[in-house]
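Computed from a predicted model, the values in this text were never measured in an experiment. Numbers restart at 1 for each chain; the letters A, B, ... are given by sequence-line order, proteins then strands.
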2 protein chains.
Amino acid sequence: MSTATGKRTSAAAPPTRNTIQRALVLEAVRSLHNHPTSADVYDVVRAKHPNISRATVYRNLGVLANRGEVLRVEVPNGADRYDFFNEPHYHGKCRVCGGVFDIDMPYQENLLAQVVDSYGFTIEGHEIIFDGVCADCRAAAQRG
Amino acid sequence: MSTATGKRTSAAAPPTRNTIQRALVLEAVRSLHNHPTSADVYDVVRAKHPNISRATVYRNLGVLANRGEVLRVEVPNGADRYDFFNEPHYHGKCRVCGGVFDIDMPYQENLLAQVVDSYGFTIEGHEIIFDGVCADCRAAAQRG
DNA sequence: ATAAATGCAAACGTTTTGCAGATCT
DNA sequence: AGATCTGCAAAACGTTTGCATTTAT
């Protein structure tokens, strides 16, 4: 929010620049439709821009996530995943291969209403991660 | 499952021993009611048994979690937390201090029924992590 | 006696950070 | 010009693992 004078009131976000690296990171996330990790993104970007560093990829994934241009999926016991943002949705994590998969389920707006006591914790959002086995790993297990 | 000869058929879990270290780790988790990390447990155990190593704490937290004697709470972007197991329940993670807190809400048995499509992913369980601010950090922010 | 468990140290995977230099605006 | 951004290397963080030794059974 800005004041009448145009000055920022607090926590002013610095202006951002358009660098090739940033563009390539965004392009990579958009091209990868399998919840890529930062390492996946790094690999794709490096194909076009071999000198990019991991730090730059991490930093850009961070600013893109803050801007809302990509969605960061924080996975318990695993690398963060990224997704080109559509709508809030849920994910499953395969206990065999560690892969992350979309779970199509309506956004649970009524969850908060079911909270009995949060002990002073102010709830601002939620994440649901399903535990299970992905199609490929299930098939592999079937084969023995 | 065992055969008539007493041999294990598959994936035999090895017999476990009762070591002081294991007992101390369990005792520590039971004494700490604030979702301790492995580091917290390590600190408590080391007070009584200074020579214990971090590796032993990790290994014992692992076997105790597998046995169901403690509950492991896997937190996105943070160290695992442990809890003396009561019932499946949910947690909030403070976006300010990173602390983990219980959220009292009935177990959502009907979640699965709301899944529209899991794209071949076999769901075996779920975890809900609320995002928000804990009471202490909220109070601190209020004070400015 | 034997297999499990320990302690140590080193390695691991992921992410962050300090800093000098390059680059966008 | 000036701040942002980059690349590099190092460090931070949480956790796992190899190995020789100890210990419970």
Side-chain angles (χ1 to χ4, degrees), chain A residues 7-8 11-26 28-29 35-43 45-46 48-67 69-70 72-82 93 97-100, chain B residues 6-8 11-26 28-29 35-43 45-46 48-67 69-70 72-82 93 95 97-100:
Chain A
K7 290 181 184 174
R8 310 296 180 107
T16 55
R17 294 181 183 172
N18 299 329
T19 62
I20 356 159
Q21 290 90 340
R22 186 114 78 212
L24 288 170
V25 167
L26 179 55
V29 174
H35 303 88
T37 63
S38 74
D40 298 329
V41 173
Y42 175 64
D43 289 343
V45 173
R46 206 170 28 157
K48 284 193 180 175
H49 199 277
N51 289 350
I52 199 170
S53 74
R54 282 194 160 79
T56 296
V57 172
Y58 276 107
R59 282 188 280 234
N60 279 322
L61 287 172
V63 327
L64 293 171
N66 286 340
R67 283 185 187 170
E69 297 194 47
V70 304
R72 170 186 273 141
V73 185
E74 301 184 346
V75 183
N77 289 344
D80 286 352
R81 305 294 185 128
Y82 295 88
K93 184 190 173 199
C97 69
V100 170
Chain B
K7 289 180 184 172
R8 310 296 182 106
T16 56
R17 295 179 183 175
N18 299 328
T19 63
I20 0 161
Q21 290 90 341
R22 186 114 78 212
L24 288 170
V25 167
L26 178 55
V29 174
H35 304 88
T37 63
S38 74
D40 298 329
V41 173
Y42 175 63
D43 288 342
V45 173
R46 205 170 29 157
K48 286 191 179 178
H49 199 278
N51 289 350
I52 199 170
S53 74
R54 281 197 159 77
T56 297
V57 172
Y58 276 106
R59 282 188 280 235
N60 279 322
L61 287 171
V63 326
L64 292 171
N66 284 340
R67 283 184 188 170
E69 297 194 47
V70 304
R72 171 186 275 141
V73 184
E74 301 184 348
V75 182
N77 288 346
D80 287 352
R81 306 292 185 129
Y82 295 88
K93 184 190 175 197
R95 59 168 61 161
C97 69
V100 170

Contact summary for Tyr42(B) and Ser53(B), nearest pair of heavy atoms: CE1-C, 3.9 Å

Are there over 12 heavy-atom neighbours, none belonging to Arg72(A), within less than 6.0 Å of that residue's CZ? yes

Atom pairs under 3.5 Å, N or O on each side, protein against nucleotides 17-23 of chain D: can you list them with distances?
| residue | atom | partner | partner atom | Å |
| --- | --- | --- | --- | --- |
| dT23(D) | O2 | Arg17(B) | NH1 | 2.8 |

Taking CG from Asp40(A) and P from dT15(C), how many angstroms apart are they, rounded to a whole number? 11 Å

Taking only side-chain N and O atoms of Arg22(B), does any of them lie within less than 4.0 angstrom of OP1 or OP2 on dA5(C)? yes

Can a side chain N or O of Asn51(A) be found less than 4.0 Å away from OP1 or OP2 on dT6(D)? no

Respond yes when some side-chain nitrogen or oxygen of Tyr58(B) is under 4.0 Å from OP1 or OP2 of dT15(D), and no when none is. yes

Please determine if a side-chain N or O atom of Gln21(A) lies less than 4.0 Å away from the OP1 or OP2 oxygen of dG7(D). yes

Could you tell me whether the phosphate oxygens of dA5(C), OP1 or OP2, come under 4.0 Å of any side-chain nitrogen or oxygen in Asn60(B)? no

Can you see if the side chain of Ser38(B) gets near the phosphate of dT15(D) - specifically, an N or O under 4.0 Å from OP1 or OP2? yes

Check the distance between dG14(D)'s P and Asp80(A)'s CG and give it to me in whole angstrom. 15 Å

N or O in side chain of Asn77(B) less than 4.0 angstrom from dG14(D) OP1/OP2: no

Please tell me whether Thr16(A) and Arg22(A) have a donor and an acceptor in their side chains that are separated by less than 3.5 angstrom. no

Between dC12(C) (C1') and Arg54(B) (CZ): distance, integer Å: 16 Å

